Each structure stands twice: as structure tokens, then as C-alpha cells.
Engineer: 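Sending over a structure as C-alpha cells; questions will come in a sec.
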There are 2 protein chains.
Amino acid sequence: MDRFVANYTLRLDSKGRVSIPAPYRSILGRDGFDGLYCYPALDRPAIDAGGNALMAEIEALIARYAPFSEAREQFAIALYGTSETLKTDGEGRMILSDTLKAHAGITDAVAFVGLGHKFQIWEPKRFASQLAEATDQVRELRKQLGSQSTAPGARE
Amino acid sequence: MDRFVANYTLRLDSKGRVSIPAPYRSILGRDGFDGLYCYPALDRPAIDAGGNALMAEIEALIARYAPFSEAREQFAIALYGTSETLKTDGEGRMILSDTLKAHAGITDAVAFVGLGHKFQIWEPKRFASQLAEATDQVRELRKQLGSQSTAPGARE
DNA sequence: TGGGACTATATGGGCGTCAATGGAATCGCC
DNA sequence: GGCGATTCCATTGACGCCCATATAGTCCCA
């Protein structure tokens, strides 16, 4: 299966449009999705985005609960209620809603970050610091790993 | 299959009319439903609404119980008995009945909230707090899922 | 191997159409 | 003949769609 990888930083034009990186577009195309399915990430100032694969994932999560059950309604409100299917124009651009931009703190540029089956959209500066933090953590973890004689396996 | 997603807040005009969001209208149209099937949500200050798909779901729910059983009668009364089929005007607007507006506490604006196979209509402020609650619950559940070794599609 | 043509991607802008909303006009029932 | 309800028309702002330009990477060919 195709995966979203790498990261790209692109600018919004005066009308708030952003090009979806061409590599991502072709993956979405093969996924058979016209447009872009996205929603605010739960505990990060970022936007989760993808195609049918991502939507199926959300659906599976909700489908585990019986119709009309309390839990299902709550999930549906939080997940479907905040999801959007953005249209793309002939040039492969989209327009982020104000809600999404506010959640991620996006103003005039965005960073697309591939996460495999989906990708995230960040405000570039926030992504940079997020990436630095993640890198630090990995570096720290490597130090610990390096001092061990046996293969990793222990958590923390 | 098309799903109701995202949320839109629209205002009632002086005659109590509200536009049904265009994306929802097109889904209802494809569903082959003229008008809007709706009823007060069972345990929330909101209105459940949809088309043929929603009606079929309710029918399936009721059909699970034996004819003339107490449960079936109760469900039928609660759901069918309170359902309404609202007409839409040429511009895709509807007029909520006083009963429905009272149930949801609606006065001069409403929030349409996509839940996949159906959507709900809320008083905007109430929806905001409900959404916050639902999001917290999902976030909490995701933590639990994240601690499992085989996490099903958890929302990042 | 270096240069030039070509292609594709990102970006900018103009314009027509549609959606949301407001109000007027018409029809119906009492 | 009122009065509410329904249908029709008007406005405005946003959005979709189209075309233009630039820049970078690629390919071809001398």
C-alpha cells in the first residue's frame, strides 16, 4: 500500500489556498478519494488528513458500538462532527476551514508531514519545535540503548 | 456511501426558516428523500435528522423486538410517535416545529452536526459544550487503547 | 558532459455560479 | 377579508473553475 512520507512546507495564497504536495495527491488519487478527508488531531495542534483509508479507520472505530448507544453518539460527535471533506480545485489545491486553521494555529504557511497511512498538517514553526523535541527524545533513547548490552525491549 | 460530516452553524430568519447545509442537502438528495425526517434525540437536547437511511435504521432497531412486545411498543412510541417529516422550500430551507425547537432549546440559530448516517441539530452553545465533553471522552479512550499492545486504529 | 528544451509543480489572479439570507407576492384556510 | 403559510424573486458574499506565470527538476541531444 502506498504511504505518505517526507514533509513539505508550502505557502497559502491570498485566497487561503494551499497546494497538496504532488506525491500526496497521487496517493490520494490511487486511494480513489476525490478531495481530502481531515479533522483536528486530538491532542496536538495539527490536522489529520487522508483519504478512504483514514475514513475507514474512523468508521471502524465508531462501528464497534451499537447504533443509538450512548458511546456511539459521543464518538460520532467528536469524530464525524469535527471531520471535513475538503474539495480540491483543478490544480490540486484546498482551502482549510477557519476551524481547522485555528486548531493548528495556521496563518500563512503549512507543513505537510507524512505519517504512513495518513498525514498531518502543521503550522511550520510548531512542527519544527515538535520535530526537535521528538528528535531529542529519540537521541536520548539511543544513548540508553547504546549502554545496554542486550537488545531493547524494556520500556523506559 | 456518503456520510454526514462536519458541523455548520446557521441562523434562523425572522420567519423561523433555516437553510439545510448544502452538503447535507446533496446527500439527502442522493438518498432519494424529499424533505427531512427528524425526531427529538432520546437523551440529549438535540434533534436527530436524516433521510431514508435513518428511517431504515430505526425500523431495523424496532424489528429486533417481537411484535406486540412491550419493548417494541415503547420504541415505536418514542421514535415513530415523535417523528416528523419536515418539508423544504425551493431554497432548501425548513421550518422546525415548536416541539422540536423546545426540546433542543433552539431560538435564533442552530448547529448542524454530522454523525455519519444521520445528523443532529443543536442549539449552538449547547453543542459547543457537548463537543468538548465528547472530545474528552474520546481522548480518554484513546489513552487506554494506546496502552494496549495491539491498538486498533487509534486517532493520533 | 554541458547546455537547452521540456514538463510538472507551485502559485497568482479573474470571473461566473451557487449558497445563505432577506423580503415580497401569492395562495390557502378560517 | 385577515392572517398564517408557502412560493417566488433579489442581494451579497463566498467558492469553484478556468487560465496565466514562474521555478525547478528532468530529459534529450549535440
Side-chain angles (χ1 to χ4, degrees), chain A residues 2 4-30 33-38 49 83-102 106-114 119 121-124 127, chain B residues 2 4-31 33-36 38 49 51 84-102 106-114 119 121-124 127:
Chain A
D2 291 316
F4 297 102
V5 296
N7 70 83
Y8 310 86
T9 298
L10 300 175
R11 298 188 310 145
L12 278 68
D13 66 17
S14 59
K15 294 162 81 175
R17 299 176 296 189
V18 210
S19 290
I20 298 173
Y24 290 5
R25 284 210 300 268
S26 78
I27 294 176
L28 291 170
R30 277 193 290 278
F33 198 83
D34 185 33
L36 187 66
Y37 180 76
C38 56
S83 296
E84 302 182 27
T85 50
L86 304 180
K87 291 167 196 159
T88 57
D89 66 15
E91 284 71 40
R93 288 175 291 193
M94 59 170 176
I95 297 183
L96 293 169
S97 70
D98 290 341
T99 307
L100 291 176
K101 285 198 284 192
I106 290 168
T107 56
D108 64 345
V110 298
F112 292 84
V113 185
F119 61 90
I121 301 173
W122 287 74
E123 192 283 319
F127 171 63
Chain B
D2 291 315
F4 296 103
V5 296
N7 66 83
Y8 309 87
T9 298
L10 300 176
R11 299 188 312 145
L12 278 68
D13 65 17
S14 58
K15 296 156 91 176
R17 299 175 297 187
V18 210
S19 291
I20 298 173
Y24 291 5
R25 285 210 299 267
S26 79
I27 293 176
L28 291 170
R30 278 193 290 277
D31 190 44
F33 198 84
D34 184 32
L36 187 65
C38 56
E84 300 181 30
T85 306
L86 303 180
K87 293 171 201 160
T88 58
D89 68 14
E91 282 73 40
R93 288 176 289 195
M94 60 171 177
I95 297 184
L96 293 168
S97 70
D98 290 341
T99 308
L100 291 176
K101 284 199 283 192
I106 290 167
T107 57
D108 64 343
V110 297
F112 291 84
V113 185
F119 62 89
I121 302 173
W122 288 74
E123 191 284 318
F127 169 62

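Given the structure is predicted, the values throughout are model-derived calculations rather than measurements. In what follows, every chain begins at residue 1, and chains take the letters A, B, ... in the order their sequences are listed.
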Engineer: Decide yes or no on side-chain contact (heavy atoms from CB on, under 4.5 Å) for A:F119 and A:V113, but give the supporting numbers first.
Structural biologist: CA-CA 5 Å; A:F119 61 90; A:V113 185; 5.9 Å; no
Engineer: Would you compute the distance between atom CG of A:N7 and atom CH2 of A:W122 and round it to the nearest 0.5 angstrom?
Structural biologist: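 The CH2 atom of A:W122 is 12.0 Å from CG of A:N7, to the nearest 0.5 Å.
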Engineer: Going 5' to 3' through nucleotides 18-30 of chain C, assign each nucleotide B (protein heavy atom under 4.0 Å from a base atom), S (under 4.0 Å only from sugar-phosphate atoms) or - (no protein heavy atom that close).
Structural biologist: -SSBBBB------
Engineer: Return yes when atom CZ of B:R11 has more than 12 non-hydrogen atoms of other residues, nucleotides or ligands closer than 6.0 Å, and no otherwise.
Structural biologist: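 At most 12 heavy atoms, drawn from other residues, nucleotides or ligands, come within 6.0 Å of this atom.
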Engineer: Anything under 4.0 Å to a heavy atom of chain B counts; send over the first and last such nucleotide of DNA chain D, read 5' to 3'.
Structural biologist: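 Answer, 5' to 3': D:dT6 to D:dC9.
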Engineer: A:T88 and side chain to side chain contact (heavy atoms under 4.5 Å, CB included): which single residue from A:L28, A:I95, A:D34 fits?
Structural biologist: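 Testing each of A:L28, A:I95, A:D34 against A:T88, the sole residue satisfying side chain to side chain contact (heavy atoms under 4.5 Å, CB included) is A:D34.
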Engineer: Under 6.0 Å between ring centres, would you say that holds for A:Y24 and A:F4?
Structural biologist: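 Yes, they do, as the ring centres are separated by less than 6.0 Å.
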Engineer: The criterion is ring-ring contact (aromatic ring centres under 6.0 Å, His included); which residues satisfy it with A:Y37, sequence neighbours excluded?
Structural biologist: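 ring-ring contact (aromatic ring centres under 6.0 Å, His included) list for A:Y37, sorted by chain: empty.
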Engineer: Should A:F127 and A:T9 count as side-chain neighbours, where that means a heavy-atom distance under 4.5 Å?
Structural biologist: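 Result no, sub-4.5 Å side-chain heavy-atom pair not found.
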